[in-house]
There are 2 protein chains.
Amino acid sequence: MNAVIEKPIAATNAAPSERALIPFVSVDNMMRLVHRVGLETMLKELAEVIEGNFRRWESFDKTARIPAHSAEGVIELMPTADGDTYGFKYVNGHPRNMRAGLQTVTAFGLLADMHTGYPVMLSEMTMLTALRTAAMSAMAARHLAPKGSKVMAVIGNGAQSEFQAVAFKAILGIEEVRLWDIDPKATEKCARNLRGTGLRVVHCATAEEAIQGAQIITTATADKKLATILTDNMVGAGVHLNAVGGDSPGKTELAKEILLRSDIFVEFPPQTRIEGEIQQLDPDHPVTELWEVVAGRKPGRTGEAQITLFDSVGFAIEDFSALTYVRAKAKETGLYDLLDMIADPDDPRDLFGMLMRAK
Amino acid sequence: MNAVIEKPIAATNAAPSERALIPFVSVDNMMRLVHRVGLETMLKELAEVIEGNFRRWESFDKTARIPAHSAEGVIELMPTADGDTYGFKYVNGHPRNMRAGLQTVTAFGLLADMHTGYPVMLSEMTMLTALRTAAMSAMAARHLAPKGSKVMAVIGNGAQSEFQAVAFKAILGIEEVRLWDIDPKATEKCARNLRGTGLRVVHCATAEEAIQGAQIITTATADKKLATILTDNMVGAGVHLNAVGGDSPGKTELAKEILLRSDIFVEFPPQTRIEGEIQQLDPDHPVTELWEVVAGRKPGRTGEAQITLFDSVGFAIEDFSALTYVRAKAKETGLYDLLDMIADPDDPRDLFGMLMRAK
């Protein structure tokens, strides 16, 4: 089967106009795209696109994501726009899904032309979110982690863990990852997947062992509760904390005392104050917006003993960046299908006539 | 070509699990569905589903839609949820599109299972929005218009006009529609499309002529400005106004004086105060929520001389209703495709392994 379906899906009666057919990047095509580009190259390029958009942060419409909570989890919409292009992501977070054999996080996203309102691409984003989250973490660490970091602890060895490890290798030059998870099977899976990546992989029996000698500590656990993956005495001077798992109200990973000893960097404060580790702190606790560091307006790491914390929750501009990147690559490679998603009669006022003629 | 693609779109390497394949209702399948069910039957059934959900209004999460404005128009996300099912619509409004041969309004929507966060249907909604808007108007008029209304004026003969006419015939028993548009070609198109529907269609040379003898006046114009389609002296006692076109900030159709003489019924006040005709009034001007009328808590029409106004802007619960209706009908008829939209590895923590095995 060809990657590109020449005949639009399910459009038979009348040929829809070009604008009515929306390029769609399926899971299968996303995976092909990653392998066509190369995983490490793609992570690097994603980090660059994200960094470029963080540099022009002020040109985006920004809003905290719009959540719908249920007992089991949350469904969120994350829109943003830069005046020319509009993008949004649909994403869920259902920590108990894993027990039912389902993904904790699934996602898809869309780009549209703001001048016409017509969608220009629909894409899977479960895979893409894993890639952009890892690229984002590594981009932040490039500004915040100790220079020459070679060792990273990875606490929580679930779906995000390998992406983090490979992104930090590709973008920061990390050589060793020290893995720990409450479930040893997760660690085995992570270690197995990282074989052949060129990383030195160390299984650890405890979180304490994992952080030994690490300049960077990544936490990526998924429980929907106020957890304490790292306690105060575990975190020494000079490390960079990359806290990925705390990303919704009531879901944190770090002891409050660690936060009080750290310089905290965030994506979009109104969202992070609700969802991030800093939900444990006073609403006016000082934090630095990462885009200001990227744009050269504020310092990142300032000293050897400093503990830096990237309180990552994921922001719409990162998804926008990932979608625009994939749109360009999909065009280049032809790795997309066409969806008959927009009704577009020849006479725009004649939607009814289009319907009647289809009889 | 069969309506149902047995082989999922673009999923070749590994068979995705059932949950990972999202039923998709294309424009073509939506049109087939309308004809399979029958246009008038579908409008009636849509009105019933919407009415049922208005009756249980309090069981829904409600939020004003989330807009992204540009010089040319607006893109909006409209989410809602009832604890079990989540739905949202993407919709744009770009009045100038028509001049470029594009639809003013295009839309698509999604339903998801709140217990897992997994999408369960993606659907075109340009056609479906036209249908649900007309069904909604007629459902509201059933509670508000004079009993035995037979004549309706339709001011604005664009893409929404025929759907309104047919819905009011099917649901209220309207026999005559009196058409007027600033562009005579739009009226010609509307009249041509309504041939064979059983409606008596009268072309009118002015708005004044159109409203003669009409018990119901529908306004459905699309200019993004504060327009005055109806002036105060044009609207006599006892009519029902179905104002469909005023639906975003700075976009209204009726003279303020008419509003002050009317009893006003709205969908969701926090949204209508921003987007509806009542944006012209004080923020505390009394309005009745239509769901309270539907649920029997508040009266609809109370007297013969009363002017009732349904200040329609469209609300997420109407789209939710339309999507759940289409989901059931698509299942019944098989009129859908399957999209490879959700990455769903056998081991949910092994997204990376799924990616690597696809190489």
Side-chain angles (χ1 to χ4, degrees), chain A residues 1 9-13 19 26-29 31 34-35 61 66 68 70 72-73 75 77 79 81 83 86 88 92 94 97-98 101-104 106 108 112 114-118 124 126-127 130 158-159 162-163 186 189 193 337 340-344 348-353 355-356 358-359, chain B residues 1 9-13 19 26-29 31 34-35 61 66 68 70 72-73 75 77 79 81 83 86 88 92 94 97-98 101-104 106 108 112 114-118 124 126-127 130 158-159 162-163 186 189 193 337 340-344 348-353 355-356 358-359:
Chain A
M1 175 172 161
I9 290 155
T12 47
N13 285 321
R19 297 233 196 198
S26 66
V27 176
D28 194 63
N29 272 329
M31 296 194 297
V34 174
H35 294 299
D61 282 349
I66 301 104
S70 64
E72 298 93 342
I75 294 175
L77 297 176
Y86 171 91
F88 83 88
N92 76 303
H94 284 67
N97 267 5
M98 209 188 62
L102 299 175
Q103 281 292 110
T104 301
T106 69
F108 70 91
M114 290 197 84
H115 304 291
T116 63
Y118 274 51
E124 88 79 32
T126 308
M127 204 59 86
E162 302 95 335
F163 294 94
K189 178 253 348 172
N193 280 333
D337 303 297
D340 171 31
M341 196 163 90
I342 300 296
D344 192 41
R349 287 180 302 195
D350 201 14
L351 194 62
F352 191 86
L355 173 61
M356 289 303 120
K359 200 165 184 171
Chain B
M1 178 174 157
I9 290 157
T12 47
N13 285 323
R19 296 232 196 199
S26 66
V27 176
D28 195 63
N29 272 328
M31 297 195 295
V34 174
H35 294 299
D61 282 348
I66 301 103
S70 63
E72 298 93 344
I75 294 175
L77 297 176
Y86 171 91
F88 83 88
N92 75 302
H94 284 68
N97 267 6
M98 208 187 61
L102 299 174
Q103 281 293 111
T104 300
T106 68
F108 70 92
M114 289 198 83
H115 304 293
T116 63
Y118 274 50
E124 88 80 33
T126 308
M127 204 59 88
E162 302 95 336
F163 294 95
K189 177 250 356 171
N193 280 333
D337 304 296
D340 171 31
M341 197 164 89
I342 299 297
D344 192 42
R349 287 180 300 196
D350 200 14
L351 195 62
F352 190 87
L355 173 62
M356 288 302 120
K359 198 164 186 171

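Every chain is numbered from 1 and lettered A, B, ... according to where its sequence line falls, protein lines coming before strand lines.
Across every non-hydrogen atom of B:Asn92 and A:Gly117, the tightest pair is ND2-CA, 3.5 Å. The two atoms that bring A:Arg349 and B:Ala186 nearest to each other are NH1-CB, 3.5 Å, heavy atoms only. In this structure, A:Ser70 and B:Met114 approach most closely via the heavy-atom pair OG-O, 3.1 Å. The minimum heavy-atom distance between B:Asn97 and A:His115, with the atom names listed, is OD1-O, 4.1 Å. Closest heavy-atom contact between A:Ala343 and B:Val27: N-CG2, 3.4 Å. Contact detail for B:Gln103 and A:Tyr118: the closest heavy-atom pair is N-OH, 2.7 Å.
Among the candidates B:Gly101, B:Ala130, B:Ala112, B:Ala68, the residue making the largest number of heavy-atom pairs closer than 4.5 Å to chain A is B:Gly101.
B:Asp350 meets the side chain to side chain donor-acceptor pair (under 3.5 Å) test with A:Asn193, B:Arg357; sequence neighbours excluded.
Side-chain atoms of B:Asp340 come within 3.5 Å of backbone atoms of A:Asp28 as a donor-acceptor pair (strictly under, hydrogens ignored).
Residue contact with chain B, scored on non-hydrogen atoms closer than 4.5 Å, involves the backbone and the side chain of A:Phe163 alike. With a threshold of 4.5 angstrom between heavy atoms, B:Phe352 approaches chain A through its backbone and through its side chain.
In this structure, OG1 on B:Thr116 lies 6.0 Å from CG on A:Leu102, to the nearest 0.5 angstrom. Considering CG of A:Leu77 and CG of B:Leu77, their distance stands at 5.5 Å, rounded to 0.5 Å. Atom CD1 of B:Ile342 and atom OG1 of A:Thr106 lie 4.0 Å apart (nearest 0.5 Å).
At least one side-chain heavy atom of B:Met356 sits under 4.5 Å from a side-chain heavy atom of A:His35. With a 4.5 Å cut-off on side-chain heavy atoms, B:Thr126 and A:Leu351 count as touching.
Taking the six-membered ring for Trp and thresholds of 30 and 60 degrees, B:Phe108 and A:Phe88 have nearly parallel ring planes, at less than 30 degrees apart.
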